[in-house]
Structure formats: structure tokens, C-alpha cells
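Below is one structure, written out as C-alpha cells; the observations come after it.
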Amino acid sequence: MHVSKFRFNDVKRLKLLSNQARIILIETLATSKSGHSAGPLGLADVFVSLYFKILKNNPKKPSLNSRDRLFVSNGHVCPIQYVVMSQAGYFPQKELKTLRKINSRLQGHPSRKDLPGIENSSGPLGQGISQACGAAFVIKKEKLKQRIYCIISDAEFNEGQTWEALLFAAKNKLPLTILVDRNNIQITGNTEDVMPLEPLKQKLMALNLTVEEVDGHNHLQIISVCNNAKKNKNTTIIICHTIPGKGVSFMENKYEWHGKPPNEQEARKALEELYAEQAKLR
Amino acid sequence: MVEFNEKLFLRKDFLENPVKESVRDSFGKTLVALGKKNKNIYAVSGDLAESTRAIYFKETFPERFVEVGVAEQNLMGVACGISLMNKIPFACSFAVFSPGRNWDQLRVSGCYSGNNVKVIGAHAGLNVGQDGATHEALEDLAITRVLPNLNVLVPSDAMEARKATIAMAKHKGMDYMRFGRVDYVSYTTEKTPFQIGKANVLIKNGKDACIIACGLMVYEAIKAAMILEEKGVRVSVINNSSVKPLDEQTILEETKKVPLVITAEEHQVTGGLGSAIAELLSQKQPKKMGFIGVQNTFGESGKPEELFEKYGLTSKNIVNKILKLTE
């Protein structure tokens, strides 16, 4: 798909889907009374872009061998992945009510054995990117058509394993697109206070990766850079600048919202804002 | 005279003329043979291809050999990713590093995810020798045995390592196999049965004790049985190369006949084979037990035989333990 052919209506649809995903997310978190808020809100646009425009896969046949694979390394953002997967048709939306509850397929951190469509069980940071590298290695060696994508968080660069994996990706010029959720927060503070990462772009460039930067809330940019990455002979790593808590004024850019769900009152307030935005988008 | 189990087709003269063979060589060559038959076999190595003998695979199938460098966390993760593409990766390193250094990756990327990775822990045990304590894996059985969805195998000679390698490639799921650096006395043959989850009773009909061993301690157990026989003490010997899953039936049957059970392993006495047997017997058939292994201490540099002597891993130690406990 060429961006030039990308119609205004498509963008509008993706924006609506993303905002709707945020609404469903807040409802889901409020029901489960457990789960992360900030990261998932910030990643709604990235996940919608991936599931609705980038990944070549069939939600009704999640085990199809020819599918593109999305590895999620920062498993704690799974509530937004679940929401967008349900929007895309992987499972009925009502199942979201079971998030983090007993006997649910929607585990607190994603479990591939429980939920078809989840490519990797994830939680301990740094593990998803290594698995994405292994899968991309097979794609390259066996000249397969599938594309491998991986979402990682910025705080994941605190983990040594992330760097091990990036060295490996660069060495092998893996057919792999890595999307970094650069939201500048982690569980106990701002990333630059807890463990400074800047200059992140320069560090990644020094590894000989192809580094791109996008506004992580701009669907057009995300899709266009991902499309270009497919033609790139090198591994592409995209720094997606996102606002944690995006769409909910009192959560935006507040690390305190990294790991907790809204209570009833907070959820009501958040939903008011998100419904207002939905009305504006229509 | 000690009578060996005829159904196991053991080597006829392995006690009179002991021949030693390299277990890691056997693994490396078998991996090449498997790679020839099955294009889905991959080898992943953490900068230790020569020591683990994954180098044979690298030389034969460079396109299916994956070098991750000195990075064991990524080693396990990359292997899991390869498995997710329906391949059969053998992840090769030293046991102290893998699973020693990437246990979390083994746990989540491997076992919890239901992947199909064959984890090879080479240079396991005190026999690493001169490299000293940092490189002597004495805890790997404890940390692997505890993981769901993971088989734990400890071959006792080169031929058994070969069969275990083949069995792992066939089994769809996570497996861990550990072996040492030194050559082991070869006592089994092509015809000796091997199955994941099965124990082999090498010497049957013990009256006074049963020795359950794994790895290179199996040969020590056999020698101990010979010495004890001369002293009028009759023991049976089990090669328990499948530490997990445990062959409960065989172990319960064989230990039923004796008042004393001794375990022998090149590992800490806590958490490994001895603990597995104690967990079983204490619940289903309580027996007096003795544990031969490293006694809650780290190893050190030295020749393998010196270390076995100092840390109590010889046939003599097994004999003394049994004599003491049967007094």
C-alpha cells in the first residue's frame, strides 16, 4: 500500500478505532480492577495501525503459517493488544471482561498457549525481542515471505538481553521491524531519572541498525515507515514517540499511571474525555 | 558374582577392559546425523561451539548454525524464536551459563510458552576440573527439575548420549540434557534400550541396598556393587538417566526389595536426582536413604579424579556409605 493512495477516510477510521480502543480499554481495566493504564493508552495507535493496516494475517485463522508475526516484548501492555485483537475479530469483545480473572485466556501477561493469535508469552522484559530475532533468522535463512514485528518498551533497554538481541539483529541484518514505545516513563519514575537512555537514537545507530523516528500517535507515519522497513535489507528500529496515558488528561505523562488501573470514579472521568474525543472525530 | 541385566545388552567386558569415549563428541556427531535426516534441526551456540561439539554441525550445516556470541539470555530467546517457526533448535552452551544464566528465559520463553528447544548443558559437574568452581555446574539439575514442561536427561555414556540426543529431537517439547567434559567409560551398546522417562536396572535382585545413579556416577555405582558383593553385601544398580520424568514404576519395583536406597550424582545432594528419588519414596514407599553428591559446597580447580576423591564422588564413597548405613 502506498501512502499516497491512503485515503482521508482511512485515517479517520483508524483514529476512531484507536479512540474506541482506549474507551474499551478503560472499561476493561475498571472491570478487572487490575492492570496497567499508561502504556496501553499510549500504544493504541500503534496496535491499531499494526492489526488493521500492517500485519498480513487472518484473525479467523490465527495459526496460519503464512501470517506475519507480532512479538510483544513488553507484555504488560497486553490489555491494549487484547482490545485491538478483539476489534480485529480474534475473539468476541465480551471476553475482555475476563481480563486477569481466574480461568481466563486473557492472562495478566500474555500467554501464547492460552490465546491463539498471541505469538509469544511475555512478561519478563527483554525476552520478546530475542524470540523475534530467532523467528526472523529462520525467515531470512529459509527465504520465507512472512514479516516479523516486535514491540518493545523504552525501559526495556535497561535489560542486558535487549542489547544482546540488538547486536544479533544487526549482525544478521534480520528482516525484522522493531517498534520502541518511547513514552519516557517506567514503573518508578521517568526513564531519564531511573536509568538515562538518551541519546537513544545515536546509541541505536551506533549498532548499525536502521533507525527511524515517528510520532507514535500518527497512523500515517507508523504505517509508512513500517512499509519502507519491509524493503530495507537491514533491521529497522522505529522509535515511536508516544504519550503515556494518551487521551486521558490526568493520566498523560504521569509515571504513577504505569502500573495501576483507574478506580470507578477515575474511569468515569476518563471515559467522559474519551467519548468527547470520539464525538469530535466523527 | 554380580549379574547384569541380560535384557540391556551391556558391553561384555567393560569392567575388565574399560574403554572411555567422549560424551560431547557423541552428542556433536549425532546432531550432524540428525541434521542430515531432518532439515528442521538448527544448532544455536553461545561462542562455545568447539567445547560443546556443536562445531561439527556448524561445519556441516553452516546455514542452520546460529552464533549468538557470549549472550546466554539471547541464546535461549533466539532458540525459542526458532522453535516458534516450527524448527528444532539445539541451544548449546555450558551448564553453568545455560541454564545457569538464562533460567528466566528457559522458564518463560521456553517452558511456559510450550516451545520445543533442546537445551544442551555441556561441561556439567566437577569433572570440568582445572577451570574451577565457577565453571562446575552442580546446581543445574535442581533448577531445571523444578520447571514444568521440561524433561531433564543425564546420559551415563557416549552411546546413551547419542540415544538421548535422538530422543530429544523426536520429542516435541522442552528438554534439558547435561553431560561432562571428560570421557566416560562406555558400558552400553547399540542394543541397550533408551527411552525418556525410563530407568534401566543394570544389576537386579539387590537384597541389602539399591543404588540409583545418573551420569558418570553410574559406572562408580557398578564398581561399588562389585566391591560390596565381595563383602557379602548384595545391591542392585539403576541407571536413572531420565531425572525427569522419573520412571516411578521401575524405581518403586526395584527399591521394594531392599531396606536402603542410595543415590549418586555429580551434583549438589540437594535438589537433584537424590531429591527426586526422596520425593517419590517418601510418599509411596518410605525407605532409609543415603545421598552421594557434593555436600553443599562449591568445587575448585584440580584434576577430575582429584576432585572426585576430595568431594566424595567415588565408588569407595558409595561403598562406605552403604556399609555404614547397613551396619
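In the text below, chain A, chain B and the rest are named by the order of the sequence lines, each starting its count at 1.
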Can you tell me if [atom1] on [X] sees more than 12 non-hydrogen neighbours from other groups inside 6.0 Å?
X	atom1	result
B:Lys58	NZ	no
B:Lys170	NZ	no
A:Lys33	NZ	no
B:Arg181	CZ	no
A:Arg147	CZ	yes
B:Glu59	CD	yes

Ranking B:Val66, B:Val68, B:Asn115, B:Asn102 by heavy-atom pairs under 4.5 Å to chain A gives rank one to B:Val66
Closest-packed option against chain A by number of heavy-atom pairs under 4.5 Å, given B:Gln105, B:Arg64, B:Lys39, B:Glu63: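 Going by pairs under 4.5 Å, I would pick B:Gln105.
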For [X], is it the side chain, the backbone, both or neither that has a heavy atom under 4.5 Å from a heavy atom of chain B?
X	result
A:Ile139	side chain
A:Ala165	both
A:Leu167	neither

Heavy-atom donor-acceptor pair, A:Glu164 side chain to B:Asn74 backbone, under 3.5 Å: yes
Check the pair B:Tyr42 / A:Lys141 against side-chain contact (heavy atoms from CB on, under 4.5 Å), numbers first and verdict last. CA-CA 11 Å; B:Tyr42 274 64; A:Lys141 289 293 163 176; 4.1 Å; yes
Looking at every heavy atom in both [X] and [Y], which two are closest together, and how far apart are they?
X	Y	answer
A:Pro124	B:Val108	CG-CG2, 3.7 Å
B:Val78	A:Cys133	CG2-CB, 4.2 Å
A:Glu119	B:Leu84	O-CD1, 3.7 Å
A:Gln161	B:Gly77	NE2-CA, 4.5 Å
A:Arg112	B:Ser113	NH1-O, 2.6 Å

Using non-hydrogen atoms and a 4.5 Å limit, figure out which bit of B:Asn149 sits close to chain A: side chain, backbone, both or neither. side chain
B:Glu67 portion near chain A, given a 4.5 angstrom heavy-atom threshold: both
Taking every heavy-atom pair that is under 4.5 Å apart, which of A:Gly126, A:Gly123, A:Ser111 has the most such pairs with chain B? A:Ser111
Indicate whether any N or O donor in one side chain lies under 3.5 Å from an N or O acceptor in the other, for B:Asp104 and A:Gln127. yes
Just do the side-chain contact (heavy atoms from CB on, under 4.5 Å) check on A:Leu144 and B:Met85 with the steps written out, would you? CA-CA 11 Å; A:Leu144 304 173; B:Met85 296 305 290; 4.3 Å; yes
Roughly how far, to the nearest 0.5 Å, is CD of B:Gln73 from OG of A:Ser130?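 If I round to the nearest 0.5 Å, the distance is 8.0 Å.
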From CG (A:Asn120) to OH (B:Tyr112), nearest 0.5 Å: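 A:Asn120 atom CG to B:Tyr112 atom OH measures 11.5 Å (nearest 0.5 Å).
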Pairing of B:Lys87 and A:Glu142 as salt bridge, 4.0 angstrom limit: yes
